[in-house]
Amino acid sequence: MKNLQSLRGMIDLLPSQAERWQKVEALARDHFRRAGLGEIRTPLLEYTELFARGIGEATDVVGKEMYSFFDRGDRSCTLRPEGTASVVRSVIQNGLLSQGSQRLWYMGPMFRYERPQAGRQRQFHQIGVEFFGLSSEMSDAELISIAWDFLNDLGLRELTLEINSLGTKEDRKKYRQNLVSWLEDFTELLDEESLKQMNQNPLRILDSKKPHIQKLLNGAPKLGDFLSNESQERFLNIQNILNTLEIPFTINQKLVRGLDYYCHTAFEITSKQLGAQATVCGGGRYDGLVEELGGPKTPSIGWAIGLERLLILLNEDSFEKQFTEVYMVNKGDKAQVEALRLARDLRISNFVVEIDPSGSAFSKQFKRANRSNASWAVIIGDQELIQKEIRLKRLKGEIVGDNEYVVKNSDLNQIIKILRS
RNA sequence: GCGGGCGUCGCCAAGUGGUUAAGGCAGCGGCUUGUGGCGCCGCUAUUCGGGGGUUCGAAUCCCCUCGCUCGCCCCA
């Protein structure tokens with residue numbers, strides 16, 4: 001029989017990696033706590049319609065990347081491909097918007113049916129932040145700063161923050177018409193992909209990776225020239241605030257982002273170390289989405305960080321590995337139980353304690369104790385049981401003979417005192 | 001969905017048609033019947049991702065298939 005395997009693009013996180021994830025997650029939580037954000041946890045499964053309406057029928061995410069199926073009641077359900085739509089649904093459904101502005105974060109797995117490659121899995125993980133009911137330039141800058149500070153605190157350098165303004169729906173409509181009519185003079189230079197995009201979502205041609213398209217676009221009309229005065233002023237204000245906060249950024253007029261709901265501010269944080277999928281963090285303003293999904297008109301902005309990509313960047317750095325402090329060497333039926341009892345007591349006193357499970361020869365157990373990198377071996381065997389004593393042996397440092405201590409009557413305080421010395 | 005590269009033990013690998021598929025790491029056992037870090041010895045792939053074919057003979061050649069990986073599309 002063939003061996004069972006995980007699904008393509010869905011990977012196991014083994015202990016050595018999981019430790020790194022925990023550290024990243026803990027740091028994120030700490031940043032969010034200090035920024036006064038509230039956590040929101042939404043289901044992994046939603047009605048398909050939520051994503052179809054929220055993300056946009058024309059996007060690839062909805063068009064060809066969703067994990068959808070019919071449940072036993074014949075309802076179309078979908079594993080969430082991103083976080084924003086679910087959060088918006090929840091915030092509407094639970095009436096949070098009538099309680100004033102909301103500043104929220106979430107963390108968890110997302111699902112997209114795509115070919116896996118570097119920095120892309122079918123089940124992947126995002127950390128995201130969403131602000132609702134805040135429209136000022138300040139809130140845009142604060143939101144960006146939360147992402148920036150978190151990434152910096154992780155020790156990541158070599159990151160680039162790119163920002164752009166997509167303006168209002170009307171701004172974009174004007175620009176779109178101009179761009180399309182300009183492109184129509186060059187249809188013979190466009191490839192099949194770009195021609196298709198020209199009809200469906202022409203702005204997306206802007207971030208094409210093909211060199212000849214980019215060369216052509218140098219002469220194309222610029223989005224920035226079509227922003228209304230208000231939109232331009234808004235964009236300038238945000239730049240000023242970012243400058244004041246000393247958050248370095250570059251303006252990328254071709255940054256459009258794929259999902260339908262964005263307006264005004266769009267931004268990305270990228271790293272050159274990532275290969276083709278270089279975006280670590282992406283986000284923007286989506287003032288129309290809440291209304292689109294049946295809620296009150298609510299200005300909103302958010303970002304998401306891809307954890308897999310973050311972890312790739314962090315793999316270069318050395319993490320402080322969790323290590324065992326005390327290794328319990330034990331032999332004999334009764335002695336093993338005593339060892340377990342003492343291990344529990346020491347764990348209650350906050351020691352990291354590993355207990356040898358093998359019952360094999362002491363020399364073997366000491367070898368493992370040494371390999372575990374523990375500072376101490378605690379020895380309980382039949383002899384100790386008879387003598388009512390416990391031996392502690394210091395494993396690190398020079399062997400100078402007297403590195404063993406005997407504690408009478410299993411005196412826990414005495415043991416702890418020696419272990420802490 | 002489309003292209004390129006790759007699949008030999010838990011990990012890293014040698015082997016490119018000929019009798020028993022190197023080696024290293026890790027693991028387990030012993031030298032050392034209760035004391036580690038070094039050392040030495042032994043054990044761990046009837047089988048080379050899977051299936052079919054060619055051949056007297058295949059991990060090695062051919063076909064199909066699965067998986068991994070990098071890129072395109074798209075996105076975090």
Side-chain angles (χ1 to χ4, degrees), chain A residues 1-3 5-9 11 14 16 55 58-65 81-84 107-128 147 151 191-194 196-197 200-201 204-205 207-210 256-259 267-271 274-284 302-313 327 329-332 335 356 358-385 391-399 403-404:
Chain A
M1 189 175 150
K2 217 185 138 195
N3 284 338
Q5 275 187 303
S6 64
L7 274 71
R8 154 169 264 198
I11 58 165
L14 304 179
S16 59
I55 301 172
T59 60
D60 281 21
V61 170
V62 171
K64 57 181 202 190
E65 294 171 1
E82 54 114 61
T84 301
M107 179 187 294
M110 309 291 164
F111 303 84
R112 302 222 290 230
Y113 193 93
E114 302 176 89
R115 280 287 281 272
Q117 69 185 75
R120 172 195 286 167
Q121 299 293 329
R122 287 185 171 181
Q123 176 177 336
F124 63 107
H125 297 77
Q126 288 186 334
I127 297 179
L151 295 172
D191 55 301
E192 200 184 328
E193 233 11 87
S194 303
K196 218 165 79 190
Q197 286 176 335
Q200 292 180 352
N201 193 348
R204 248 195 255 162
I205 296 177
D207 59 13
S208 168
K209 282 178 190 164
K210 298 188 181 75
V256 289
R257 306 202 50 71
L259 309 183
F267 65 95
E268 267 181 16
I269 299 174
T270 56
S271 167
L274 275 179
Q277 309 302 325
T279 306
V280 185
C281 175
W303 53 249
I305 284 177
L307 272 174
E308 279 76 6
R309 293 181 190 174
L310 204 52
L311 268 292
I312 291 173
L313 294 176
Y327 194 95
V329 171
N330 60 94
K331 196 164 168 62
D356 193 292
S358 68
S360 52
F362 272 41
S363 63
K364 289 294 168 196
Q365 295 197 38
F366 274 96
K367 270 186 181 157
R368 279 191 283 266
N370 199 56
R371 228 175 289 139
S372 81
N373 218 13
S375 310
W376 290 91
V378 170
I379 304 137
I380 305 181
D382 293 331
Q383 263 180 43
E384 285 75 13
L385 228 50
R391 283 166 192 280
L392 311 176
K393 183 167 183 175
R394 197 191 290 279
L395 294 174
K396 285 188 174 163
E398 294 289 301
I399 301 176
N403 56 350
E404 202 165 306

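So that the names make sense, note that chain A is the first sequence line, chain B the second, and so on, each numbered from 1. Since the structure is predicted, the reported quantities are computational estimates derived from the model, not experimental observations.
For the OP1/OP2 pair of B/G71 and a distance below 4.0 Å, the side-chain nitrogens and oxygens of A/Arg115 include no atom meeting the criterion. Close to B/C28, at under 4.0 Å from its OP1 or OP2, lies a side-chain N or O of A/Arg368. Of the side-chain N and O atoms in A/Arg371, none sit less than 4.0 angstrom from OP1 or OP2 of B/A26. At the phosphate of B/G71, OP1 or OP2 sits under 4.0 Å from a side-chain N or O atom of A/Gln117. One finds no side-chain N or O of A/Lys364 lying less than 4.0 angstrom from the OP1 or OP2 phosphate oxygen of B/C28.
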Shorter than 3.5 Å, N or O on both sides, protein versus nucleotides 11-13 of chain B: list them out with atom names.
none

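Across all strands shown, the partner of B/G29 is B/C41, judged by Watson-Crick or G-U wobble contacts whose two distances both fall under 3.5 Å. Applying the Watson-Crick and G-U wobble criteria (two distances, each under 3.5 Å), B/C61 pairs with B/G53. With a cut-off of 3.5 Å on both Watson-Crick or G-U wobble distances, the partner of B/C11 is given as B/G24. Figure legend. B/C73 is base-paired to no nucleotide; pairs are counted as Watson-Crick or G-U wobble with both atom distances under 3.5 Å. Pair check for B/U35 finds none; no Watson-Crick or G-U wobble contact set falls under 3.5 Å.
Between A/Phe362 and B/U35, no base-stacking contact is recorded for ring centres under 5.5 Å apart and planes less than 30° from parallel.
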Identify all side-chain donor-acceptor contacts of residues 358-366 of chain A below 3.5 Å with residues at least two apart in sequence or on another chain.
from     : atom 1 : to       : atom 2 : distance (Å)
A/Ser358 : OG     : A/Asp356 : OD1    : 2.6
A/Ser358 : OG     : A/Ser360 : N      : 3.1
A/Ser358 : OG     : A/Ser360 : OG     : 2.6
A/Ser358 : OG     : A/Arg368 : NH2    : 2.7
A/Ser360 : OG     : A/Arg368 : NH2    : 2.7
A/Gln365 : OE1    : A/Asn330 : N      : 2.9
A/Gln365 : NE2    : A/Asn330 : O      : 2.6
A/Gln365 : NE2    : A/Ser360 : O      : 2.9

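Side chain A/Asn403 to base B/G36: a donor-acceptor pair is found below 3.5 Å. Residue side chain A/Arg394 does not reach the base of B/G36 through any donor-acceptor N/O pair under 3.5 Å, judged by distance alone.
Residue contacts shown for A/Gly128 are absent, as no nucleic acid heavy atom lies under 4.0 Å away.
Looking at the side chain of A/Lys210, the nearest of the listed nucleotides B/G30, B/U69, B/C73 is B/C73. Of the listed nucleotides (B/U35, B/U69, B/C72), B/U69 has the atom at the smallest distance from the side chain of A/Pro116.
For A/Glu82, the salt bridge (Lys or Arg N to Asp or Glu O under 4.0 Å) test picks out no residue, with sequence neighbours left out.
If you find the closest nucleotide of RNA chain B to A/Glu384 and to A/Gln277, the one lying nearer the 5' end belongs to A/Glu384.
No side-chain heavy atom of A/Leu311 sits under 4.5 Å from any side-chain heavy atom of A/His125.
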